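Report on the structure given below.
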Amino acid sequence: MSELSTNHLLGIKYLNLEDIELIFKTADQFKEVINRPIKKVPSLRDITIANLFFENSTRTKLSFELAEKRLSADIINFSAASSSVKKGETLIDTVNNILSMKVDMVVMRHPNAGAGVFLSQHVNASIINAGDGAHEHPTQALLDCYSIKQKYGDIKGLNVVIVGDILHSRVALSNIFALQKLGANVKVCGPATLLPKHIESLGVGIESNLIKALEWCDVANMLRVQNERMNMSFFPSTREYVLQYGLNKKILNALPKKITIMHPGPINRGVEITSDVADSKQSIILEQVENGVAIRMAAIYLLAAKIKHE
Ligand code: CP
């Protein structure tokens with residue numbers, strides 16, 4: 001297969017296994033490009049991309065921007081905090097105004113689940129979801145799975161546990177979809193209050209005990225507690241959370257095998273993981289960030305190819 005089955009990247013849910021494999025194969029080529037002295041290719045000189053961030057971001061925003069620049073696309077950046085959204089402009093009006101400046105592709109982060117899908121149904125541009133509320137964060141899951149593949153060669157049959165605030169996490173949902181499509185066994189681990197009801201219906205196991213979960217897994221993806229999405233208390237105190245679900249070096253060293261530690265960032269050092277775990281040889285957190293640029297270059301490049309061919 002040489003092209004994606006979809007014109008947008010709205011969620012892992014909408015990709016098939018061939019799409020994911022094509023993105024990985026394309027990312028392999030771009031990874032080689034970004035490690036050359038001249039880290040740029042002229043592939044997208046005729047494409048203009050708008051990065052619309054209605055919610056804060058460090059990694060995703062910078063990674064998309066760098067990926068677009070490495071592909072030689074023209075880019076415009078929009079941040080809700082300094083825009084006319086503050087004066088009451090709707091999402092569709094905002095985006096249509098931007099598109100009338102002849103923009104081909106929109107990368108959007110938005111606090112509302114489904115914002116990317118909604119946009120794709122109302123505007124004439126290719127949409128990439130850079131995180132929509134607690135729904136999906138497809139490029140994060142792609143870079144996470146790509147990083148696991150880079151470490152183990154194959155994802156099929158690996159045991160992966162996602163630990164922490166699953167309820168508010170778009171990273172968790174996208175990772176569950178991606179890991180399962182790639183043949184991994186997935187468990188979630190966290191306080192019962194931070195696990196969505198009916199999570200088992202997605203085919204994942206539940207393990208409430210962190211030590212048991214870590215003893216089972218090859219890879220642990222440690223998620224941040226998303227206090228900004230909570231309007232009530234989901235556990236007694238941060239100290240209580242750390243005691244039950246925080247990963248420290250003593251726990252890591254006592255495990256029967258060397259597992260791989262991942263984190264999508266931003267890290268709350270000393271809460272979900274201690275610094276000595278985050279910075280340990282078993283952590284691939286910075287490889288995840290590095291791979292993010294190649295994965296985003298691949299996704300943008302493959303979607304842009306579909307714009308040109310229409
Ligand atoms: N992983 C991630 O989405 O981080 P940012 O919120 O900094 O983009």
Side-chain angles (χ1 to χ4, degrees), residues 9-13 23 27 49-70 75 77-82 105-116 127-148 150 160 162-179 188 190 194 219-230 247 260-269 271-273 277-279 283-300:
L9 179 50
L10 301 172
I12 300 291
K13 192 167 53 222
I23 293 170
I49 303 174
N51 298 311
L52 313 189
F53 279 73
F54 293 86
E55 211 185 49
N56 293 341
S57 168
T58 301
R59 275 146 294 272
T60 312
K61 189 168 185 291
L62 293 178
S63 180
F64 267 112
E65 241 186 273
L66 197 57
E68 293 153 3
K69 286 180 174 163
R70 299 273 192 250
I75 60 175
N77 290 313
F78 163 98
S79 148
S82 57
M105 191 180 289
V106 173
V107 174
M108 184 173 74
R109 169 166 289 192
H110 200 279
N112 296 346
I127 310 295
I128 299 184
N129 176 9
D132 61 330
H135 180 222
E136 280 227 39
H137 192 349
T139 55
Q140 179 70 47
L142 289 167
L143 73 89
D144 288 343
C145 290
Y146 185 79
S147 302
I148 298 174
Q150 182 179 270
V160 181
I162 305 172
V163 181
D165 182 0
I166 314 296
L167 182 67
H168 300 102
S169 177
R170 51 195 175 212
V171 175
L173 192 59
S174 287
N175 261 273
I176 289 168
F177 290 142
L179 288 162
V188 292
L194 289 178
V219 178
N221 198 347
M222 307 299 297
L223 303 182
R224 181 176 65 91
V225 174
Q226 301 199 25
N227 290 309
E228 72 276 21
R229 294 193 204 283
M230 297 182 187
L247 175 56
T260 298
I261 305 302
M262 302 178 72
H263 194 302
I267 301 175
N268 285 321
R269 285 177 184 257
V271 182
E272 59 272 7
I273 48 174
V277 172
D279 303 331
S283 159
I284 58 165
I285 294 170
L286 292 180
E287 283 93 322
Q288 290 174 259
V289 178
E290 184 188 339
N291 288 332
V293 178
I295 282 289
R296 290 179 173 116
M297 284 175 82
I300 293 166

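Counting convention: from 1, in listed order, for ligands and their atoms alike. The shown structure was predicted, so the numbers you read here are calculated from the model rather than taken from an experiment.
Between the side chain of Arg170 and the backbone N or O of Gly133 there is at least one donor-acceptor pair closer than 3.5 Å. Under a 3.5 Å cut-off, the side chain of Glu136 and the backbone N or O of Ile12 do form a donor-acceptor pair. Listed for the Gln288 side chain is a donor-acceptor partner under 3.5 Å among the backbone atoms of His263.
Arg59 is linked by a side-chain hydrogen bond (donor to acceptor under 3.5 Å, both in side chains) to nothing, counting only residues two or more places apart in sequence or in another chain.
Across every non-hydrogen atom of Arg109 and Asn56, the tightest pair is NH1-O, 2.9 Å. Across every non-hydrogen atom of Leu143 and Ile295, the tightest pair is CA-CG1, 3.8 Å.
Ligand 1 is surrounded by Ser57, Thr58, Arg59, Thr60, Arg109, His137, Gln140, Pro264, Gly265, each with at least one heavy atom closer than 4.0 Å.
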